[in-house]
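Just follow the structure's listing: the first ligand is 1, and inside any ligand the first atom is 1. Both backbone and side-chain heavy atoms feed into the values below; hydrogens, waters and symmetry mates do not.
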Amino acid sequence: MNLTKEELQNSVIRKLKRNFSKDISQASQRELYDALASTIAEQLQTNWMATRKLHAKEKIRQMYYFSAEFLMGRALSNNLINSGLKQIVVDLLNELPFGEYTDIEEEEPDAGLGNGGLGRLAACFLDSLATLDYPGHGYGIRYRYGMFEQRIENGEQVEYPDKWLAFRDPWEVRHAELAVKVYFGGQSVCRQGDDGRLYYSLEGAEEIIATPYDMPIVGYNTKTINTLRLWEASSRDGFDLQLFNNMEYAAAVAKENAAEDISRVLYPNDSGPSGKTLRLKQQYFFSSASLQDILRSFVHKHGNDFSKFPEYTVIQLNDTHPVVAIPELMRLLIDEYYLDWDVAWEIVTKTFAYTNHTILSEALEKWPIEIFQTLLPRVYQIVEEINRRFLTLLREKYQGNWQKQNEMSIIGGGKIRMAWLAIVGSFSVNGVAALHTEILKTKELADWYNLYPEKFNNKTNGVTQRRWLLSANPSLAEFITKHIGTDWILNLSELKKLEPLADNEDALKELIAIKHSNKKRLADYLKKTQSIVISPDSIFDVQIKRLHEYKRQLLNILYVMTEYNKIIENPNYEPFPKTIIFGAKAASGYRRAKMIIKLINTVADRVNNDHRVKGRLQVVFVENYRVSAAEKIFPAADVSEQISTAGKEASGTGNMKFMMNGAITLGTMDGANIEIVEEAGAHNAFIFGLTSEQIAEINQKNHYSPHEYLNKNPALAKAVNQLIDGTYTAPHENTFRELHDSLLYGVEGQRPDVYYVLADFDSYAKAHKDIEEVYRDPIKWARMCMLNIARSGKFSSDRTIEDYVQDIWKLKKIHID
Ligand SMILES: *Cc1c(COP(=O)(O)O)cnc(C)c1O
């Protein structure tokens with residue numbers, strides 16, 4: 001793609017005039033961003049239209065990625081880089097009186113339509129699909145408010161609405177002409193036709209309009225531009241003029257508001273179900289709208305011969321959130337297109353594939369029957385019928401084994417088990433890292449693996465190197481390109497060619513300088529945004545991810561507390577200077593997670609203001625962790641904290657971003673850490689803690705004693721006691737009492753220290769000391785960094801997508817001419 005200086009200048013001026021009625025001298029930075037983004041968006045339309053036309057015309061197999069979350073982050077830089085316009089635009093902007101590119105870029109709000117790893121995975125997949133020229137598109141919800149904005153006030157997390165659409169979004173295109181209707185409530189009515197067949201319809205249901213907004217997904221160095229289609233909810237005649245004229249203003253707009261509620265806000269919970277009716281409404285809303293959209297284009301292209309549907313369509317379900325799509329496709333095929341049950345079921349079970357994202361059993365979604373049936377009466381009938389037929393099969397297979405039949409029933413205990421429905425209705429079930437899939441097969445889903453072994457497969461997650469290396473870390477990208485050329489951008493395993501540089505001292509020194517400059521860049525950012533001063537000469541030890549007990553931020557901060565004590569008790573103790581950096585949002589209703597945030601900030605406040613530890617230890621909590629912040633933090637990290645309780649983290653993807661940016665993993669043998677260590681080599685990571693097998697064994701024996709660990713380690717005992725002894729709170733304030741008690745005694749019926757923080761503490765502390773020792777030898781450390789980068793090729797989402805294509809999606813590349 002090309003763009004001349006004059007075109008760019010004229011377009012920006014035109015758009016400022018048209019959209020804001022201003023000229024350059026009057027325009028704000030925000031308006032300049034809008035005008036620039038609109039200019040680029042306009043440039044993209046030609047290839048976008050061409051891709052859409054080709055995909056609509058050719059009889060090709062297409063993949064649709066159904067996800068309640070797409071954590072896209074910013075689009076401007078990504079779209080410029082992928083379309084090859086970045087350098088031109090940056091150069092031209094330097095010559096034009098529009099301001100610095102880097103300042104304008106900061107004006108774009110993140111599209112934060114996701115919580116964490118699961119939503120970011122969906123975003124990385126879209127980038128890889130477009131880059132690899134695969135016809136794969138995303139379907140989701142256009143939340144008016146995305147992931148909440150986090151501010152820290154008095155050390156505590158306070159949530160503010162994320163008004164990412166306060167200004168218009170220059171990338172999206174609204175397609176009112178493609179709106180569809182989705183129905184809730186009412187009664188399922190059955191009548192017999194003259195042909196003897198039973199016909200079902202809904203009466204008295206509430207009608208919701210679903211309007212699609214399309215986002216361009218720009219492939220790197222290709223003309224392919226795929227589509228992320230996000231649905232907005234509204235009502236057609238929600239506004240009641242009669243009531244308004246009677247001055248009943250709230251009642252006049254009540255229906256309108258209720259409809260718009262469906263796409264109003266992202267549920268800010270991570271790895272836990274919300275159980276709210278509105279959440280089920282969201283799930284059904286986007287699943288139904290997307291299926292109607294897919295069916296419409298199928299019929300347009302192929303006519304009504306649905307036997308071909310699975311040949312041309314595969315739908316990947318990102319976790320259980322869109323699993324209601326399975327009975328909904330049954331409903332559409334039977335009630336709207338008059339197929340018979342068996343024909344429809346054959347089609348449905350060849351169309352869907354399901355990705356499981358969690359081992360935490362409390363996170364498996366289950367909907368109470370009353371809620372589901374009231375909201376979706378006809379879909380509920382279909383779920384019942386799916387289950388009735390499935391139970392017939394179970395009865396044959398497990399004759400007399402009632403317990404097994406009950407456990408595997410899709411409906412049971414008054415609830416619909418969405419994961420079971422997903423497995424029964426899909427042809428593929430995958431985990432997201434080797435260990436995760438193994439645990440699914442042998443433990444969590446062992447019964448299901450026995451029943452359907454052929455459905456189970458592993459797809460280890462990945463991340464796109466275009467965003468997480470090329471764009472986020474330009475100096476490292478330039479270094480890599482200088483040494484091995486540009487092929488790594490489209491084939492990350494090319495990084496292998498960097499391996500010889502691990503023995504090249506000049507190259508290692510270059511790498512050290514690059515890391516140092518990225519650390520300075522982060523230090524400047526923190527100075528500017530949070531008025532925090534940190535030293536780029538200290539070790540940047542980073543844990544950025546959602547706040548969850550299983551991720552064990554508590555282990556990290558407890559270790560900091562012991563180090564702080566040690567420095568104060570012994571003025572001669574000279575650890576290598578360290579800056580511990582946290583970034584994490586806690587689900588708004590997750591009390592204990594919020595308590596851990598408060599603890600981190602309280603400890604940070606104490607440590608950072610104590611002159612006795614100055615230059616030796618510092619703790620930073622980065623406010624409002626999100627994609628655009630992540631892009632500044634990963635490149636600056638020395639140490640990647642991946643310290644979840646073994647067996648709990650399905651994969652992790654943050655660990656992969658760290659690795660390709662040359663940070664060393666300090667981690668447990670959990671999730672994809674295992675594969676990272678396998679690639680990097682055990683000597684190039686710091687591994688500690690119990691293995692998942694050891695933990696499973698302790699769980700089984702059920703004789704875990706926290707005091708055993710405290711007695712062995714007085715420094716740990718002291719730090720744990722400081723949670724309640726008035727060191728970090730006013731005396732007799734019980735701010736951290738629950739954290740203390742959960743470790744020592746267990747609260748609310750839990751066992752003590754469910755996540756084995758105390759059991760893993762000593763080996764974690766030892767690993768920290770090993771890190772310091774190696775870090776004192778900069779060349780040795782840089783060698784490890786180089787080898788991590790060189791061996792990170794496996795963790796490109798391009799590799800993940802090729803694996804999905806080969807085993808599940810069976811797509812063919814399609815090139816735009
Ligand atoms: C990559 C990423 C995550 C996932 O991090 P994990 O360490 O794998 O949990 C979460 N949030 C953001 C903003 C990310 O970029």
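The pair Arg151-Glu623 does not count as a salt bridge, with every side-chain nitrogen at least 4.0 angstrom from each carboxylate oxygen. Contact check on Arg74 versus Glu106 returns a salt bridge, with a Lys/Arg side-chain nitrogen under 4.0 Å from an Asp/Glu carboxylate oxygen. Note on Asp798 versus Arg466: salt bridge recorded, some NZ/NE/NH1/NH2 to OD/OE distance being below 4.0 Å.
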I'd like the atom pairs linking ligand 1 to the protein - N or O on both sides, separation under 3.5 Å - with distances to 0.1 Å.
residue: ligand 1; atom: 7 (O); partner: Lys545; partner atom: NZ; Å: 2.7
residue: ligand 1; atom: 8 (O); partner: Thr653; partner atom: N; Å: 2.8
residue: ligand 1; atom: 8 (O); partner: Gly654; partner atom: N; Å: 3.0
residue: ligand 1; atom: 9 (O); partner: Lys551; partner atom: NZ; Å: 2.8
residue: ligand 1; atom: 15 (O); partner: Lys657; partner atom: NZ; Å: 2.6

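For residues 657-666, the pairs satisfying side-chain hydrogen bond (donor to acceptor under 3.5 Å, both in side chains) are Asn473-Asn661, with sequence neighbours left out. Judged as a salt bridge (Lys or Arg N to Asp or Glu O under 4.0 Å), the pairs with a partner in residues 584-595 (not counting sequence neighbours) are, in order, Glu159-Lys594, Glu549-Arg592, Arg591-Glu738, Arg591-Glu748, Arg592-Glu738, Arg592-Glu748.
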Distance-only donor-acceptor pairs under 3.5 Å for side chains of residues 520-528, two or more places apart:
residue: Arg521; atom: NH2; partner: Ala472; partner atom: O; Å: 2.9

